[in-house]
Amino acid sequence: FQITSVVAEYAEAIDKLYDSLAWSWESTWTEDLHDATVNLVVGIDELMTSLNALMAPMTAMMGGGSSLVDAPRKQLEHQLARALDNHDATAVGQTHTALRDLLNQVGTFQMMGPMLGMMAPGGGNPTDSV
């Protein structure tokens with residue numbers, strides 16, 4: 001029996017990427033790094049889908065438009081695409097900065113989660129979906 005969540009899967013994807021960089025990176029692209037990068041792309045997509053749903057009430061209150069997580073998400077997706085497509089070592093390094101920015105955003109949203117849950121229809125616990 002195993003309980004998992006989108007956040008746990010995202011954290012595991014980050015952990016695998018860092019393990020690949022820390023233990024096997026020798027300035028060359030490896031299969032482990034490729035797999036970890038692809039898993040991170042999937043984890044980011046699932047996490048962002050959940051965060052966008054969580055933040056829908058707040059985005060609507062702010063007049064619609066783009067989500068607050070769009071900029072860090074696009075930055076990270078751009079770096080990961082460069083890393084996957086070109087095996088670009090600079091993009092691999094810049095992924096670290098993009099991950100840090102995205103994690104800072106997620107931390108901010110976690111603090112606001114209870115308030116967002118009260119604004120959502122039904123007033124459920126927002127962390128249940130993330």
Side-chain angles (χ1 to χ4, degrees):
F1 180 70
Q2 181 179 358
I3 297 175
T4 187
S5 70
V6 172
V7 174
E9 291 171 8
Y10 175 66
E12 184 177 349
I14 291 173
D15 188 46
K16 286 181 181 178
L17 179 75
Y18 282 136
D19 281 349
S20 295
L21 291 174
W23 299 111
S24 64
W25 178 253
E26 295 178 6
S27 299
T28 59
W29 194 257
T30 64
E31 194 64 33
D32 285 342
L33 183 56
H34 174 80
D35 293 345
T37 305
V38 169
N39 287 337
L40 185 58
V41 170
V42 172
I44 290 167
D45 185 54
E46 291 173 353
L47 178 68
M48 293 299 107
T49 300
S50 293
L51 279 175
N52 282 332
L54 171 70
M55 296 182 56
M58 184 179 199
T59 303
M61 285 176 40
M62 296 173 63
S66 64
S67 169
L68 297 173
V69 295
D70 283 346
R73 178 186 188 170
K74 287 178 185 176
Q75 177 190 19
L76 185 52
E77 287 174 346
H78 173 72
Q79 298 306 334
L80 289 170
R82 283 182 46 213
L84 284 170
D85 293 343
N86 304 323
H87 301 173
D88 184 345
T90 303
V92 172
Q94 290 173 339
T95 297
H96 177 268
T97 301
L99 279 171
R100 187 190 67 231
D101 292 346
L102 183 58
L103 289 173
N104 284 337
Q105 287 277 24
V106 170
T108 302
F109 299 140
Q110 284 179 331
M111 288 187 294
M112 297 179 349
M115 179 184 71
L116 293 173
M118 287 183 238
M119 293 188 306
N125 183 354
T127 57
D128 290 342
S129 63
V130 175

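Since the structure is predicted, the reported quantities are computational estimates derived from the model, not experimental observations. Numbering of residues begins at 1 and proceeds along the displayed sequence.
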Quick check: do Glu12 and Lys16 have side-chain heavy atoms less than 4.5 Å from each other? yes

Quick one: which of Asn39, Ile44, Leu40, Thr95 gives a side-chain contact (heavy atoms from CB on, under 4.5 Å) with Ile14? Leu40

Specify the closest pair of heavy atoms between Ala98 and Leu76, including all atoms of both residues, with the distance to one decimal. CB-CD1, 3.5 Å

Of all heavy-atom pairs between Ala91 and Gln79, which one has the smallest distance, and what is that distance? CB-O, 3.5 Å

Could you measure the distance from the CG atom of Leu33 to the CG atom of Leu84? Nearest 0.5 Å is fine. 8.5 Å

Can you name the one residue among Val38, Thr37, Asp32, Thr30 that meets side-chain contact (heavy atoms from CB on, under 4.5 Å) with His34? Val38

Are Leu99 and Val42 grouped together when hydrophobic residues (ILVMFWY) are joined by side-chain heavy atoms under 4.5 angstrom apart? no

Hey, mind stepping through Asp45 and Arg73 against side-chain contact (heavy atoms from CB on, under 4.5 Å) and telling me if it holds? CA-CA 9 Å; Asp45 185 54; Arg73 178 186 188 170; 2.7 Å; yes

Evaluate Arg82 against Thr90 for side-chain contact (heavy atoms from CB on, under 4.5 Å), listing each step before the verdict. CA-CA 9 Å; Arg82 283 182 46 213; Thr90 303; 4.1 Å; yes

